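All values below were derived from every heavy atom in this structure, side-chain atoms included, with hydrogens, water molecules and symmetry-related copies excluded. Sequence lines set the chain letters: A, B, ... in the order given, protein chains first and strands last, and positions in each chain run from 1. Bear in mind the structure is a predicted one, so any value in this text is a computation, not a measurement.
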Number of protein chains: 2
Amino acid sequence: MREVAQQASVSVATVSMVLNDNPRISKATQIKVRRIIDKLGYRPNRLAQSLSSQYTRVLAVLLPPLRHAFSDPYFGELLSGICDRADRLGHKVMLESAKPDFLRERKHMELFERRFVDGMFCLGVNDRHHFIKDFAAAGFPMVCVNNYFPDLKLDYVVADYRSGAEQVMNVLLQLGHKKIALIAGASETQTIRDIMGVYSARMGDAGFETDESWIADGRFTEEGGAAAADEILERHPETTAIFACNDKMALGAMHRLVELGKNVPGDVSVVGFDDIQQMAFVNPSLTTVHLPLYEVGARACELLVQRVRGKAQKVAERMPAHLVLRDSTSIVSGRGQ
Amino acid sequence: MREVAQQASVSVATVSMVLNDNPRISKATQIKVRRIIDKLGYRPNRLAQSLSSQYTRVLAVLLPPLRHAFSDPYFGELLSGICDRADRLGHKVMLESAKPDFLRERKHMELFERRFVDGMFCLGVNDRHHFIKDFAAAGFPMVCVNNYFPDLKLDYVVADYRSGAEQVMNVLLQLGHKKIALIAGASETQTIRDIMGVYSARMGDAGFETDESWIADGRFTEEGGAAAADEILERHPETTAIFACNDKMALGAMHRLVELGKNVPGDVSVVGFDDIQQMAFVNPSLTTVHLPLYEVGARACELLVQRVRGKAQKVAERMPAHLVLRDSTSIVSGRGQ
DNA sequence: GTTAACTGCTTAAACAGTTTACCAGATCAT
DNA sequence: ATGATCTGGTAAACTGTTTAAGCAGTTAAC
């Protein structure tokens with residue numbers, strides 16, 4: 001920068017102002033300086049800029065410490081939305097995994113304290129993750145992505161799980177299903193509780209009271225989904241439909257059903273949640289709820305950037321979800337009754 | 001830092017040396033200063049550290065600009081390995097997407113020039129991506145992950161595609177298959193050419209000469225795999241086995257086969273490549289080649305960090321792959337002959 | 001007729017560290 | 001006693017930006 005200033009016979013401050021399109025710089029100086037910049041191939045050092053301006057223009061994404069978190073299409077789709085939008089807003093995205101060590105050493109706070117990042121996204125958090133309160137307490141910008149905490153004053157952007165669940169229950173009931181089981185994930189997650197609430201309510205409305213024996217925990221994984229399917233069929237062999245709270249569990253359940261010699265959807269209908277890409281290509285293709293994950297991520301990013309700039313107030317948005325009917329659901333079969 | 005120095009009645013230089021475990025600092029001063037640091041909750045500003053030390057300890061991952069790149073388990077697994085190892089080595093990971101604009105504006109170079117990052121990983125690149133030469137030319141540390149360029153002097157870490165392909169061909173031939181088709185990806189990719197080379201050679205060895213009518217391009221996607229399956233069956237209805245160069249294409253092909261009323265593996269065996277996690281849970285579960293993607297990513301990270309520190313020489317490693325037999329392959333059926 | 005707000009630019013301080021050259025005192029060999 | 005070496009520390013220069021304050025002259029507002 002000094003070199004540019006020298007060659008253009010102006011001060012470094014002027015060069016700085018040229019770079020920042022400060023209106024106080026005359027057209028002539030603008031052009032003169034820019035010409036030298038191009039000639040010299042000068043690029044401002046972002047570390048120095050950040051040091052001085054107090055903004056790093058870097059955002060962190062905190063992912064749960066699952067072995068396959070990065071290769072999980074669910075998180076991937078959120079990440080995709082976040083990254084695309086961040087790029088458009090001139091921000092970089094950094095990846096972090098919320099390992100126990102990471103949290104114990106308060107690294108999630110260090111990210112801010114040491115000026116690594118301006119803001120943070122939390123993905124896959126639930127009520128047991130007490131650390132999320134730290135951000136708000138310290139006044140660091142943070143947005144919960146596709147999750148929320150009614151009791152805490154935290155920013156969030158979330159897909160409409162209730163509406164999605166309503167649509168699933170409607171279609172299953174209309175297809176004549178009465179023996180509907182639910183494969184849930186961790187009930188420490190508010191969105192899962194939303195689905196469970198809708199499930200119980202709609203079953204009750206339809207006159208088919210269910211108890212917790214109709215609900216199994218699939219731990220959000222394929223293996224868990226398979227195990228949950230086992231549990232359910234053992235407790236209720238008369239089950240004609242299984243509603244899983246995410247696609248991975250639905251896939252695991254479906255795989256297990258086929259292994260057990262059941263026909264999907266002939267004997268048992270299966271419905272997922274999320275609509276991750278592959279689900280159109282499994283056999284049978286999976287009926288599921290499409291969540292606008294990309295858009296949720298993108299919107300969260302927009303709002304986080306506003307927060308960083310001190311603009312946004314309370315951030316809380318809910319984005320629409322819709323059912324995608326495929327081949328894993330059908331009208332209840334005669335003998336299923 | 002000034003505050004710490006003052007309270008400990010030493011200079012800021014001393015505080016800096018304490019933080020960096022400089023041996024010139026006495027035990028007594030060490031302890032005295034550290035006590036004040038803890039008391040004040042002081043955290044060194046990484047921007048200032050980087051500005052001064054010339055190292056950012058940030059690495060960038062350049063992903064191809066595919067709509068679902070982030071949610072692709074293939075990239076996810078590589079990313080997972082990279083991130084875990086980077087964390088252990090005290091480095092942060094930044095995400096970048098190689099969009100046309102990005103490259104046109106030389107942003108991939110700016111990342112280095114503006115001191116954003118110390119090094120870079122390139123994922124999913126092929127011979128058409130001329131920009132990869134820029135790094136070497138400018139002397140910026142870069143490692144190609146799970147891909148390589150025999151003609152260029154670039155660092156890389158790659159899974160052993162040839163050995164994987166050998167294993168596939170061995171098992172298919174042993175199962176009695178003769179009419180084996182190949183679904184390839186972009187032939188601009190060296191690893192794909194490796195597979196194609198093995199395929200042709202082994203078919204030739206076994207006395208079953210094939211020509212390009214037995215090879216279709218599946219563009220690495222499920223849709224492409226499905227279309228490729230169509231092509232192949234149209235040209236060669238007698239096909240008894242399909243070998244796809246990645247799992248996504250295998251899944252697409254399998255889905256199409258089932259749609260066409262074929263039984264997998266009864267009528268047609270299908271083999272994939274990569275062993276992404278879900279493939280154990282599709283119907284039928286997919287026989288595929290397990291690539292140590294996590295390890296490839298981790299190793300690439302180790303080597304990149306060494307490169308950044310100026311230690312490593314030429315980096316070029318190949319990691320072993322092995323076949324995973326599942327339910328999508330079987331002995332060739334009588335009528336298939 | 002005074003005050004205030006421009007004009008386009010410069011100077012210097014601030015941002016928060018690291019590193020190098022140097023220094024005073026202690027230790028050691030001659 | 002003298003010079004050489006070691007020890008533990010300091011002051012100052014350095015990294016590359018942004019930004020507040022200021023310069024002297026012009027113009028608009030009250």
Next item on the list: Could you tell me whether B/Arg2 contacts a base, only the sugar-phosphate backbone, or nothing, with contacts defined as non-hydrogen atoms closer than 4.0 Å?
Entry: sugar-phosphate
Next item on the list: Specify the separation, in whole Å, of atom CG of A/Asp21 and atom C1' of D/dT19.
Entry: 17 Å
Margin query: Can you identify which nucleotide, out of D/dT10, D/dT18, C/dG8, has its nearest atom closest to the A/Ser53 side chain?
Written below: D/dT18
Next item on the list: Looking only at side-chain atoms of B/Ser52, point me to the closest of D/dT10, C/dT18, D/dT17.
Entry: C/dT18
Check: Ignoring hydrogens and geometry, is there a side-chain-to-backbone donor-acceptor pair from B/Thr29 to B/Ile25 under 3.5 Å?
Finding: no
Next item on the list: Assess whether one donor atom and one acceptor atom, taken from the side chain of B/Ser16 and the base of C/dT18, lie less than 3.5 Å apart.
Entry: no
Note to self: Need one value for B/Leu51: base, sugar-phosphate or nothing, where a base atom within 4.0 Å counts as base even if backbone is also close, heavy atoms only.
What the structure shows: base
Next item on the list: Could you tell me if the ring centre of B/Phe140 sits under 6.0 Å from that of B/Phe112?
Entry: yes
Check: Of the non-hydrogen atoms in A/Leu47 and A/Asn45, which two are nearest, and what is the gap between them?
Finding: N-OD1, 2.7 Å
Next item on the list: Answer with base, sugar-phosphate or nothing: what part of the nucleic acid does A/Tyr42 contact at a heavy-atom distance below 4.0 Å?
Entry: sugar-phosphate
Next item on the list: Rounded to the nearest angstrom, tell me the gap between atom CZ in B/Arg114 and atom C1' in D/dT18.
Entry: 14 Å
Next item on the list: In plain terms, say whether B/Asp21 and B/Arg34 are close enough for a salt bridge, that is, a side-chain N and a carboxylate O under 4.0 Å apart.
Entry: yes
Next item on the list: Could you state the atom-to-atom distance from CD of B/Gln54 to P of D/dT17 in whole Å?
Entry: 11 Å
Margin query: Considering every strand and a 4.0 Å limit on heavy-atom distances, what is the contact class for B/Val10: base, sugar-phosphate, or nothing?
Written below: sugar-phosphate
Checklist line | Nucleotide nearest A/Ser11 (side chain, heavy atoms from C-beta), chosen from C/dT11, D/dT17, C/dA16 | finding: C/dT11
Check: Which sits closer to the 5' end of DNA chain D, B/Gln30 or A/Asn45, going by the nucleotide each is nearest to?
Finding: B/Gln30
Check: Which nucleotide, C/dT20, D/dT17, C/dT10, lies nearest any side-chain atom of A/Ala13?
Finding: C/dT10
Item checked: Value in whole Å for how far the C1' atom of C/dA16 lies from CZ of B/Arg43 -> 16 Å
Notebook entry, point to check: How long is the line joining CG of B/Leu47 and P of D/dT15, in whole Å?
Noted result: 18 Å
Checklist line | Rounded distance (Å) that lies between atom P of C/dT18 and atom CG of B/Asn20 | finding: 5 Å
Item checked: Main-chain N/O of A/Ala48 paired to A/Ser52 side chain as donor or acceptor, under 3.5 Å -> no
Notebook entry, point to check: So what does A/Ser26 hit on the nucleic acid, given a heavy-atom distance under 4.0 Å: a base, only sugar-phosphate, or nothing?
Noted result: sugar-phosphate
Check: CD of B/Glu113 versus P of D/dT17: gap in Å, rounded?
Finding: 13 Å
Check: Between B/Gln49 (CD) and C/dC15 (P), how many Å, whole number?
Finding: 17 Å
